[in-house]
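Below, chain A is the first sequence line, B the second, and so on; all start at residue 1. The figures here come from the full heavy-atom set of this structure, side chains too, leaving out hydrogens, waters and symmetry mates.
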Amino acid sequence: MNIFEHYLHIITKLVSDNKHDLKLTNLKDLKNVNLEVPPNHFNFDLSTNISLVLAKSNNLKPNDLAAELKDLILNNITHFYKIDIAGPGFLNIKLSKEGMISNINKIFEKKEIYGSKKSDGFYNIEFVSANPTGPMHVGHCRGAIFGDVLSNLLLFNGNRVVKEYYINDYGNQIHNFVKSVYLRLREIKFNEKFVIKENLYPGEYIKEIAKNIIKKNKELNIDNFDKSFEILKKLSLENSMSLIKNDLKQLGIVHDNFFSETELVEKNLVKRTVNQLQSENYVEDGYLDPPKGELSENWKKTKRLIFKSKLFGDDTDRALQKNDGTWTYFANDVAYHADKINRKFKNLINILGADHTGYITRISAAVSALSKNKVKLNCKVCQLVKLYKNGKPFKMSKRAGDFISVQDLLNEVNKDSIRFMMLNRSNDVELDFDFDKIKEKTKDNPVFYVQYAYARINSIIRTIKRNLDDKISINDNSFSPNDYEEKILRKIFEWPKVIESASYKFEPHKIPFYLYELSTLFHSYWSKGNEDKNFRFIENGKIKRKESLIFLYLIAIVIKNGMKILGVSLHEKM
RNA sequence: GCGCCGGUAGCUUCAACUGGAUAGAGCGCCGGAUUUCGGCUCCGGAGGUUAUGGGUUCGACUCCUAUCCGGCGCACCA
């Protein structure tokens, strides 16, 4: 239920039914007509550019057409009671009491699904996919939360969504990781000193993993690295994945599916995918262009299988094989995406960190080639997070090899604050994450501010001995909102629009922004009661005006729906 | 050098509903309210050539183009 869509449909139908009277011969631009929120100072509920759009294609003066449309609309739509013509020919519309009541009652019926828009997409969202070589660090956090909330958003609209984690458990990094565990094991068992060398993982957590492995596998033979590699790999990965899953869990994130790169290779999916592309002439045995940047001395022109991603707008073709003939990371990833396509997803979304931007074109090219342009891959990039504490950049002064982990973050601030703040900015811009601000109980801390609004509402509801779950509706026409309530109502009506635009553009940050604005309106209304006793909600333990009760319920519904999508908890008391 | 992202008020903060009206918030600054249903809350004010030049049109922060500044990326790594 979106009143903008609803009335737009009614208005355009009305106009096209009356096109002769209006002397409209050309209605092809009707699809460009929109119904929006008018700028604040106009004090109207709806605004449409219909006369501007239609005047142009019909050679009429916008203001003349506007005058005729105004009468037509007012005479036919009982939910509207006043229309002004503004600026070059905008129609600003005010809802009638009947219109308000009808829409408010619909919200009370919808309740926890108010704002959702019925869709039937089938999405695969791949996010986090942190290398399984240790616990998660801050860099993963933003993308993790972004992916999770985007999933919630799409689910809210009724889509089917699979949240997926691609485990990069193959290749050199894993080899180095397992080697590090191996050396730590020997350190424990044979007292051999662990020497930090290039490519080895020095972090303390490796010791923990090693201890863990020993504890559970007393008989484990570690005389020879190559011989025990496979079993060690398995044990090490189990450990690191459980670290990661624990981090995710504490952030409130649960994936539906973990997809292993090793399995992909073992099941021969890479070879099959490459064959498929080869038969369609997208893969050939050839030579790569030299690298574009500084010429490296290591670069040699050698023949190998390459994917012709230039055909899909990439600036160079991409290698599928390394010098030694094994598959590149990219080749495996292409196979992985082929598998996603085979699983019949209609929409693929990858959430990436800023350092993977350069990868987007080639993997998108691969998806286009594999699906014959039928499946769309959307890559959303999360920019860097900069941590601040006491006004200064926050760095952990631990010894080399350690980094700021998700655990470090969770030791400072709770999951709710992290989630809200990580989303309180567009994914396209760098984000400053300020520890001090998040702990404040002030308006500066958006999480607190929104949660506080909800707690205040609950306080009132408690005082008058009602419950937010009570059924409520408007049953008579004496309903008469004041100025504050009209503003709040407009904001409430905007909610479905926020959801639509957030899900259409994959921009969940619009939700925290919106909730903050809604909370501002509420706190402002509340404070009016300090100034002027007439604006207090309660007198002698009873609600004074039934209108205010309606609005408290409306705000609570929307805050609740919004925070549920964000995965941030609310409290009745704080 | 090439590619991607960004450049909006004094600001190491950002919004602007996929081309609409007088470009909005926050911080800071100036002024005011408040012995409360629930606490650092509220109201008002000043502050702008949207990085710069050109173009597209009834209309541009938004699209095109050139330039400048900042970030990230440019492997046979993952």
message: Taking any heavy-atom pair under 4.0 Å as a contact, classify A/A319: base, sugar-phosphate, or nothing.
response: sugar-phosphate
- prompt: Nearest-Å distance, NZ (A/K497) to P (B/A16)?
  reply: 14 Å
task: Using the C1' atom as the reference point in each nucleotide, state the distance between B/G44 and B/G7 in Å, no decimals.
output: 31 Å
message: Distance check, P atoms only: B/C68 and B/G53, in whole angstrom units.
response: 15 Å
message: Considering every strand and a 4.0 Å limit on heavy-atom distances, what is the contact class for A/Y452: base, sugar-phosphate, or nothing?
response: base
query: Between A/S527 and A/Q321, who's closer to the 5' end of RNA chain B by nearest nucleotide?
result: A/S527
- prompt: How does RNA chain B look in dot-bracket notation if pairs are Watson-Crick or G-U with both distances under 3.5 Å, crossing ones as [ ], other-strand ones as |?
  reply: (((((((..((.((.....[...)))).(((((.......))))).....(((((..]....))))))))))))....
message: Stacking between A/Y359 and B/G73, defined as ring centres under 5.5 angstrom apart with planes under 30°, is that present or not?
response: no
- request: State which of B/C37, B/G20, B/C17 makes the closest approach to the side chain of A/F90.
  value: B/G20
message: Between P on B/G38 and CZ on A/F537, what's the gap in Å once rounded to a whole number?
response: 13 Å
field: A/E485: partners by side chain to side chain contact (heavy atoms under 4.5 Å, CB included), with sequence neighbours left out
entry: A/P481, A/N482, A/Y525, A/R545, A/E547, A/S548, A/F551
- prompt: Given atom NZ of A/K491 and atom C1' of B/C17, what is their separation to the nearest angstrom?
  reply: 10 Å
message: Using whole Å, what does the distance between atom P of nucleotide B/G20 and atom CG of A/N49 come to?
response: 9 Å
query: Counting side-chain heavy atoms from CB outward, which of B/C76, B/G38, B/U41 is closest to A/K322?
result: B/C76
- request: Identify whether any heavy atom of A/V37 sits under 4.0 Å from a base atom; if not, whether one sits that close to sugar-phosphate; answer base, sugar-phosphate or nothing.
  value: base
- prompt: With A/N2, which residues qualify under side chain to side chain donor-acceptor pair (under 3.5 Å), at least two apart?
  reply: none
query: Residues two or more places apart in sequence or in another chain: which of them pass ring pair (Phe, Tyr, Trp, His ring centres under 6.0 Å) with A/Y336?
result: A/Y166, A/F259
query: When all nucleic acid strands are considered with a 4.0 Å heavy-atom cut-off, which category describes A/I460: base, sugar-phosphate, or nothing?
result: nothing
So which protein nitrogen or oxygen atoms get under 3.5 Å of nucleotides 3-7 of chain B's nitrogens or oxygens?
unit_1, atom_1, unit_2, atom_2, d
B/C5, O2', A/D428, O, 3.0

message: Once you apply a heavy-atom cut-off of 4.0 Å, does A/E572 come out as touching a base, just sugar-phosphate, or nothing?
response: base
Salt bridge (Lys or Arg N to Asp or Glu O under 4.0 Å) contacts touching residues 508-520 of chain A (sequence neighbours left out): A/K491-A/E517, A/E507-A/K510
Inter-nucleotide C1' distance (B/G1, B/A15), Å rounded: 35 Å
task: Using a strict cut-off of less than 4.0 Å between a Lys/Arg side-chain nitrogen and an Asp/Glu carboxylate oxygen, indicate whether A/E126 and A/K340 qualify as a salt bridge.
output: yes
task: Identify which nucleotide among B/G38, B/A78, B/C37 has an atom closest to any side-chain atom of A/R462, counting heavy atoms from C-beta outward.
output: B/G38
Atom P, compared across B/A46 and B/C64: separation rounded to whole Å: 36 Å
query: Nearest to the side chain of A/Q173, which nucleotide is it out of B/A21, B/A78, B/C17?
result: B/A78
statement: A/K233 meets the side chain to side chain donor-acceptor pair (under 3.5 Å) criterion, sequence neighbours left out, with A/T262
task: Identify whether any heavy atom of A/S524 sits under 4.0 Å from a base atom; if not, whether one sits that close to sugar-phosphate; answer base, sugar-phosphate or nothing.
output: sugar-phosphate
message: One thing to verify: whether A/D314 and A/K310 come together as a salt bridge, which I'm taking to mean a side-chain N less than 4.0 angstrom from a carboxylate O.
response: no
- request: Classify the nucleic acid contact of A/F513 as base, sugar-phosphate or nothing, counting any heavy atom under 4.0 Å across all strands shown.
  value: sugar-phosphate
- prompt: Does a side-chain heavy-atom distance below 4.5 Å link A/I461 with A/L549?
  reply: yes
task: Just jot down the side chain to side chain donor-acceptor pair (under 3.5 Å) partners of A/D317, sequence neighbours excluded, or say none.
output: none
statement: Between CG of A/L352 and P of B/G71 the distance, given in whole Å, is 22 Å
query: Excluding sequence neighbours, so at least two apart, what forms ring pair (Phe, Tyr, Trp, His ring centres under 6.0 Å) with A/F513?
result: A/H509
Collect all protein-nucleotide pairs involving nucleotides 56-61 of chain B in which both atoms are nitrogen or oxygen and the distance is under 3.5 Å.
none

- prompt: Just how far, in rounded Å, is C1' of B/C17 from CD1 of A/I499?
  reply: 13 Å
Which residue lies more 5' along RNA chain B, comparing A/T463 with A/G171 via nearest heavy atoms: A/T463
message: Test of understanding: with side chain to side chain donor-acceptor pair (under 3.5 Å), list the residues that count as partners of A/K497, not counting sequence neighbours.
response: A/E36
- line: note: A/Y516, atom OH; B/C27, atom P; distance rounded to Å ~ 7 Å
message: Distance check, P atoms only: B/U8 and B/G71, in whole angstrom units.
response: 15 Å
message: Tell me the interatomic distance from A/R142, atom CZ, to B/C72, atom C1', rounded to whole angstroms.
response: 13 Å
query: Nearest to the side chain of A/S47 - B/C77, B/A21, B/C42?
result: B/A21
task: Ignoring the backbone of A/K510, work out which of B/C17, B/G20, B/A16 is nearest its side chain.
output: B/A16
- prompt: What residues form a side chain to side chain contact (heavy atoms under 4.5 Å, CB included) with A/K271, not counting sequence neighbours?
  reply: A/N268, A/N275, A/W327
- prompt: A/K573 side chain: which of B/C42, B/C77, B/G38 is closest?
  reply: B/G38
- request: Pick out which of A/H337, A/E164, A/K380 makes a side-chain hydrogen bond (donor to acceptor under 3.5 Å, both in side chains) with A/N350.
  value: A/H337
- prompt: B/A21 base to A/N92 side chain: any donor-acceptor pair below 3.5 Å?
  reply: yes
message: Over all strands shown, is A/A455 touching base, sugar-phosphate only, or nothing at heavy-atom distances under 4.0 angstrom?
response: base
